[in-house]
Amino acid sequence: KFVKRNIDKRKIYFLSCGNLIEIKNNILMIDFLVRIAKETKKKVHFTLVGNGKLKDKIFEKLIKNKKYIDYNYYEYVNDFVKFIKKRKINFFLNFSSQEGMPFTVMETMSIGIPTISSNIKPNEYLVKNKGYVFNLSNYERTIDNTIKIICDDLENDKNYLSKCLKSYNFINKFLINSKCHK
């Protein structure tokens, strides 16, 4: 079911779910969240689901940036889609440098949450034109442009909601109804 996502005037809500390890680039996500908070002049609320050896380092960075980021942490959730339906989430983050099948991206898109992701092939296939893709190998140069596009979409609810609907339709109408799944 499509869940309409409204943009709060004072906060932007982000979600990430995955192992807290180097290839998931969680520390880079926090850098991104600080940048977008500064650019939009909005507080960021970050929901983080996962566990791994970088957990303490991630918390240190979050605490260091509490001026810009509020956060909730969950080590594990039983039903991911049910979990996110109950929360205010505007964007899903997947900054991985490697990914098999990005199930969490598909699950969030299935209810209309646009993804901000690295340009690895599995992410790019799912997210391109339905969310926001940046070049991981050229992060510094491309993330500023990605943030500009996100900010423009946040200023124009119609653009943001269009990304929500495109995400939803891609998963629910294209992938689920494709011949591969019949």
Side-chain angles (χ1 to χ4, degrees), residues 2-18 23-50 65 68-69 71 80-81 84 87-99 101-175:
F2 180 75
V3 178
K4 187 174 179 186
R5 302 289 165 173
N6 294 315
I7 299 295
D8 190 302
K9 297 296 179 201
R10 295 176 306 234
K11 272 191 179 180
I12 308 171
Y13 297 85
F14 294 88
L15 167 68
S16 178
C17 178
I23 65 170
K24 297 297 184 178
N25 293 309
N26 304 99
I27 301 297
L28 204 58
M29 277 183 212
I30 298 167
D31 170 72
F32 165 80
L33 294 173
V34 170
R35 286 181 184 209
I36 201 151
K38 287 178 179 178
E39 185 68 30
T40 62
K41 297 178 180 29
K42 293 183 181 190
K43 187 86 169 191
V44 162
H45 185 82
F46 182 44
T47 301
L48 177 62
V49 179
N65 289 290
Y68 303 104
I69 304 170
Y71 69 92
F80 186 62
V81 173
I84 56 180
R87 283 160 181 76
K88 260 190 163 177
I89 304 293
N90 298 119
F91 300 99
F92 182 72
L93 303 176
N94 183 317
F95 284 30
S96 293
S97 57
Q98 297 175 8
E99 192 76 57
M101 179 60 73
F103 289 109
T104 54
V105 170
M106 291 186 286
E107 288 173 313
T108 55
M109 288 177 70
S110 77
I111 59 171
I113 298 174
T115 297
I116 302 166
S117 75
S118 58
N119 64 329
I120 60 171
K121 288 209 182 290
N123 287 348
E124 195 168 33
Y125 170 74
L126 292 169
V127 177
K128 191 175 182 179
N129 300 322
K130 297 165 278 308
Y132 310 87
V133 179
F134 65 89
N135 185 327
L136 187 59
S137 64
N138 200 352
Y139 175 79
E140 287 301 323
R141 188 175 66 78
T142 61
I143 202 63
D144 289 334
N145 187 52
T146 302
I147 289 172
K148 182 188 177 318
I149 295 166
I150 293 167
C151 289
D152 289 349
D153 286 355
L154 290 172
E155 289 296 316
N156 183 343
D157 286 353
K158 187 177 177 182
N159 289 348
Y160 169 72
L161 292 173
S162 172
K163 291 266 184 11
C164 294
L165 193 56
K166 286 178 183 179
S167 294
Y168 174 83
N169 285 338
F170 181 74
I171 298 299
N172 290 288
K173 292 185 178 167
F174 176 70
L175 285 185

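Residues take their numbers from the sequence shown, with the count starting at 1.
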From CA spacing to verdict: salt bridge (Lys or Arg N to Asp or Glu O under 4.0 Å), R35, E140 | CA-CA 11 Å; R35 286 181 184 209; E140 287 301 323; 2.5 Å; yes
May I have the step-by-step check of side chain to side chain contact (heavy atoms under 4.5 Å, CB included) for M106 and L126, ending in yes or no?
-> CA-CA 8 Å; M106 291 186 286; L126 292 169; 3.6 Å; yes
So, the side chain of K148 versus the backbone of T146: is there a donor-acceptor pair under 3.5 Å, distance only?
-> no
Can you check side chain to side chain contact (heavy atoms under 4.5 Å, CB included) on F134 and N119, steps first, answer last?
-> CA-CA 6 Å; F134 65 89; N119 64 329; 6.0 Å; no
Might you point out which heavy atoms bring V81 and E107 nearest each other, and give the distance in Å?
-> CG2-CB, 3.8 Å
Would you say the side chain of F103 lies within less than 4.5 Å of the side chain of V105, judging by non-hydrogen atoms?
-> no
Could you walk me through whether F80 and L15 pass the side chain to side chain contact (heavy atoms under 4.5 Å, CB included) check?
-> CA-CA 11 Å; F80 186 62; L15 167 68; 3.8 Å; yes
Shortest non-hydrogen contact from K166 to N129?
-> CD-O, 3.4 Å
Could you give the distance from CZ (F92) to CD1 (I111), rounded to the nearest 0.5 Å?
-> 11.0 Å
What are the two closest non-hydrogen atoms of I120 and S97, and how far apart are they?
-> CG2-O, 3.5 Å
Report yes if some heavy atom in the side chain of M109 is under 4.5 Å from a heavy atom in the side chain of K130; otherwise report no.
-> yes
Side-chain contact test, heavy atoms from C-beta onward, threshold under 4.5 Å: evaluate it for K163 versus Y132 and give yes or no.
-> yes
Between F170 and Y125, does the ring centre distance come in under 6.0 Å?
-> yes
From CA spacing to verdict: side chain to side chain contact (heavy atoms under 4.5 Å, CB included), F14, I116 = CA-CA 10 Å; F14 294 88; I116 302 166; 3.8 Å; yes
Between atom NZ of K42 and atom NZ of K11, what is the distance when rounded to the nearest 0.5 Å?
-> 12.5 Å
Check whether any side-chain N or O of N90 sits under 3.5 Å from a backbone N or O of Y13 as a donor-acceptor pair, and report yes or no.
-> yes
Is a donor on one side and an acceptor on the other found under 3.5 Å between the side chain of N172 and the backbone of Y168?
-> yes
Rounded to the nearest 0.5 Å, how far apart are CD1 of I150 and CG of N145?
-> 10.0 Å
Distance-only, no hydrogens or angles: does the T142 side chain make a donor-acceptor pair with backbone N or O of N135 under 3.5 Å?
-> yes
Which value, rounded to the nearest 0.5 Å, describes the distance between S96 atom OG and N26 atom CG?
-> 8.0 Å
Minimal non-hydrogen separation, D8 against R10, with atom names | OD1-N, 2.7 Å
Examine distances only and state if a side-chain atom of S167 and a backbone atom of G112 form a donor-acceptor pair shorter than 3.5 Å.
-> no
Report yes if some heavy atom in the side chain of L28 is under 4.5 Å from a heavy atom in the side chain of L136; otherwise report no.
-> yes
Measure the NZ-CD1 distance between K38 and I147 for me, rounded to the nearest 0.5 Å.
-> 10.5 Å
Near-ring test F91/Y160, centroid separation under 6.0 angstrom = yes
For L93, does its backbone N or O pair with a side-chain atom of T115 as donor and acceptor, under 3.5 Å?
-> no
Just wondering, are more than 12 heavy atoms of other shown residues or ligands nearer than 6.0 Å to CD in E124?
-> yes
Rounded distance [0.5 Å steps], CD1 in I30 versus CZ in F95 = 10.5 Å
Starting from the C-alpha separation in whole Å, work towards a yes-or-no answer on side-chain hydrogen bond (donor to acceptor under 3.5 Å, both in side chains) for N25 and Y139.
-> CA-CA 11 Å; N25 293 309; Y139 175 79; over 6 Å; no
